[in-house]
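Here's the structure, in structure tokens; my notes come after.
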Protein chains: 2
Amino acid sequence: MTPEPYETTTSEPYETTTPEPTWTRTSEPHARAAVRRPASIKDVAAAAGVSATTVSHVLSGNRPVNEHTAARVRSVVNRLGYVPASLARSLQAGSTSVIGLLIPDISNTFFAELAKGAEDAAHDLGYGLILCNTEFDADREDRYLGMIRSRFIDGMVYASGSPPSRRRLEALMGKFPIALADEEVDGLQGALIATADHEAGGRLVGEHLRALGHRRTLMLTGPRALKSSNARANGFVRAFRGEVVERVGDFKETSGYGLVAKLLQEGGLPEDCTAVFAANDLMAFGALLALREAGLSVPEDVSVVGFDDIRAASLAHPPLTTVHQPAYDVGRTATAQLLQYVTRGEVPPASRHTLPVELKVRGSTAPTAR
Amino acid sequence: MTPEPYETTTSEPYETTTPEPTWTRTSEPHARAAVRRPASIKDVAAAAGVSATTVSHVLSGNRPVNEHTAARVRSVVNRLGYVPASLARSLQAGSTSVIGLLIPDISNTFFAELAKGAEDAAHDLGYGLILCNTEFDADREDRYLGMIRSRFIDGMVYASGSPPSRRRLEALMGKFPIALADEEVDGLQGALIATADHEAGGRLVGEHLRALGHRRTLMLTGPRALKSSNARANGFVRAFRGEVVERVGDFKETSGYGLVAKLLQEGGLPEDCTAVFAANDLMAFGALLALREAGLSVPEDVSVVGFDDIRAASLAHPPLTTVHQPAYDVGRTATAQLLQYVTRGEVPPASRHTLPVELKVRGSTAPTAR
DNA sequence: CTAGATATCCAAAACGTTTTGCACAACCAT
DNA sequence: ATGGTTGTGCAAAACGTTTTGGATATCTAG
């Protein structure tokens, strides 16, 4: 599916060249043998005629140093281009000022936005962020979780996009700082959590469709095991107060297309549904495509609603009515929570944040015909 | 611009709760005072009645160890849940197995794809990837470059999206492993570089428009200082062999909109251009919008071509004809290059890769009317 | 029986910081 | 004079690994 019924032209194959190297390990003009080791604090100390302790104090300001000596040290630092090895510093300090962000797919705009929020929050506090892209692969996830066990990162923002294995997560959360983003885990008390208000999102859609006169809706849900997906469905069903036919998808465009196409082949949407609510935008796009291929027009014949408000939603044709998730804020909040705990050693006063969502009414929904 | 002429409904304001914490620093049931320090190699050694050296050898396999002792050590390792501190290991090894990826905006799908490629390449070799999102902010970029000077990362994939300051980069590249992605730097010899074939992309567009009968095109370029942008323009001009009116934009949707809207207000596209070629998709979207607002239809009145093939391109209305950039491959290749140098200490045989692009002909281009 | 090889393990050094306790001098107030 | 403070700087320990050069015991071949 997602047919590309157009031509495609490819440029010439690979070009590839090898000019003379700028840097190599051995090309020191006149000192070929000795690989120049970066200056250490001892080198600085020796050159300045003081102890390493003093250099450290000058640089950190941790203890007062005679201004005259300090100036001398600073000049040597500049001359040698000394930069403290953060690795050694971290080892001594017992923390690295780096955290991880575990997500399934950075090329999904939702997670990209989330990552941006996380990166901003981390950067604000001088923390680095390691991108742990799992591709929904459990082994890969495990390898990344290993980073926290080996204490290379001070904490982890966990947004796996799949139902997190409760047991594994609990074992880790007991020992290491972990914040959950976008997906809750049932019964995990006191965890640091930031999610969008999925239930409210579903509710808004339910109210919207009801107000437009719809009474029968086909709902394409995400995987059953995902709390967020269930929350969307529950909120919707409660607010819609009409007939809801559910089909379980997997959040991918293909599944939205497949589910709808299958129903249409079997003789139209069940029970004459006049609307389709997909639990995310990708599935909504798939549904849109299937409907169009069957000759149905949106929103005249069928209204379609998505969830997420990814960038393509407003550009699609027709522009997709959808629920805007505060992906950036989810990432930012979860990360800020985590860092508050990591840096200050305290559980933040409010450790569970449910961020507000917005219904974006665009062109893919309309009042029912009758 | 990017008007949202629709209503918007927001869910209830913030919900926020504080349940009982699962993990705190002080809640060890019966050992409140002692914060449990993670087991070190010495603890394992002591518990197993061997030296730390032996433990290290058992775990690394670096030297043979009596199978009986080894078994005993391994059992202690499991019992104590010992995981080597990678920080100490890195300090000793002199490298961290982490690299940085410097990009301007992770929420831009092009860079998200690039990041995905970079992450994959890094993960393949057991490397971690630190996300350095600069938001086009020079200070922020500098802070991230500091990570490489402090040797916290072993190298950097540099895709700043803005004309890199040649001087600063040269200073760094002389001393640290850096690979350039997506954007070349003039006259930097022997650098590790992976870019898309921007020139070929421009050429393909030029040939395409020419074949459709167009003879006058409005070209919206990116910033003049960007080699990639110039290459696109050059390739286009050479292949198109017609009149090309250039306007300089900044790769943002607003600039595409603004430039076109202004021209239309002033009395139509200059010289009766029948096509618009924007140097990236976002500007093309802006142009699309401006044209639509002016009552012109695409592609009947004007053909529009973009560059990048971001996800929204195929979903837009009409689907955008554009040049597909191998963002994933650019990220992956640049990273692989970098790691080849970092891990093996050798400059790769081909250090400059120009990756092929594809013209995706979709619905936004058509033959000229006459 | 002995010289060399092999198997097994350990002690110490090294990686590059920060932190802590102390030494020494100079100064002040009694 | 005396005791206390302040200013200044250093030595040593600690962070947790890996690596290297032996040491000791056991085995093998002549």
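All chains are named by letter (A, B, ...) in the order of the sequence lines, taking the proteins before the strands, and each is independently numbered beginning at 1. Keep in mind that the numbers below use all heavy atoms, side chains included, and drop hydrogens, waters and symmetry copies.
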Minimum-distance nucleotide to A:Leu91 side chain [options: C:dT17, C:dA12, C:dG16]
C:dG16
Return whichever of A:Ala85 or A:Arg63 has its heavy-atom-nearest nucleotide of DNA chain C closer to the 5' end.
A:Ala85
Within this structure, what is the OH-to-P distance between A:Tyr82 and C:dG16, rounded to whole angstrom?
10 Å
May I ask you to say what B:Ser40 touches in the nucleic acid, namely base, sugar-phosphate or nothing, with a heavy-atom cut-off under 4.0 Å?
sugar-phosphate
In whole angstrom, what separates B:Lys42's NZ from D:dT18's P?
13 Å
Could you check if a side-chain atom of A:Ile41 sits within less than 4.5 angstrom of a side-chain atom of A:Tyr82, using non-hydrogen atoms only?
yes
Write down the distance between NE2 (A:His57) and P (C:dT18), rounded to a whole number of angstrom.
10 Å
Interatomic distance, B:Phe152 CZ vs C:dC15 P [rounded to whole Å]:
20 Å
Using whole Å, what does the distance between atom P of nucleotide D:dC15 and atom CZ of B:Arg37 come to?
7 Å
Just checking B:Thr69: base, sugar-phosphate only, or nothing, at a heavy-atom cut-off of under 4.0 Å?
sugar-phosphate
Can you confirm whether or not the ring centre of A:Phe152 sits under 6.0 Å from the ring centre of B:Phe152?
yes
Taking atom CZ of A:Arg89 and atom OG of A:Ser97, what is their separation to the nearest 0.5 Å?
9.5 Å
Could you check how far CZ of B:Arg151 sits from C1' of C:dG16, rounded to whole Å?
8 Å
Whichever of A:Ala88 and A:Ser60 has its nearest DNA chain C nucleotide further upstream toward 5':
A:Ala88
A:Asn62 side chain N/O closer than 4.0 Å to the phosphate oxygens (OP1, OP2) of C:dT19?
yes
Here the distance between atom P of D:dT17 and atom CG of B:Asp43, to the nearest Å, is 9 Å
Can a donor-acceptor pair be found, under 3.5 Å and without considering hydrogens, that links the side chain of A:Ser56 to the backbone of A:Ala52?
no
Can a donor-acceptor pair under 3.5 Å be found between the side-chain atoms of A:Arg89 and the base atoms of C:dG16?
no
Atom pair distance, as rounded to whole Å: NE2 in A:His68 and C1' in D:dG9:
14 Å
Phosphate oxygens OP1/OP2 of C:dC10: is one of them under 4.0 Å from a side-chain N or O of B:Thr54?
yes
Nearest to the side chain of A:Gln92, heavy atoms from C-beta on, is which of D:dG16, D:dT8, C:dT18?
C:dT18
To the nearest 0.5 Å, what is the distance between OG1 on B:Thr96 and CG on B:Asp154?
3.5 Å
Distance below 4.0 Å between B:Ser56 side-chain N/O and D:dT18 OP1 or OP2:
yes
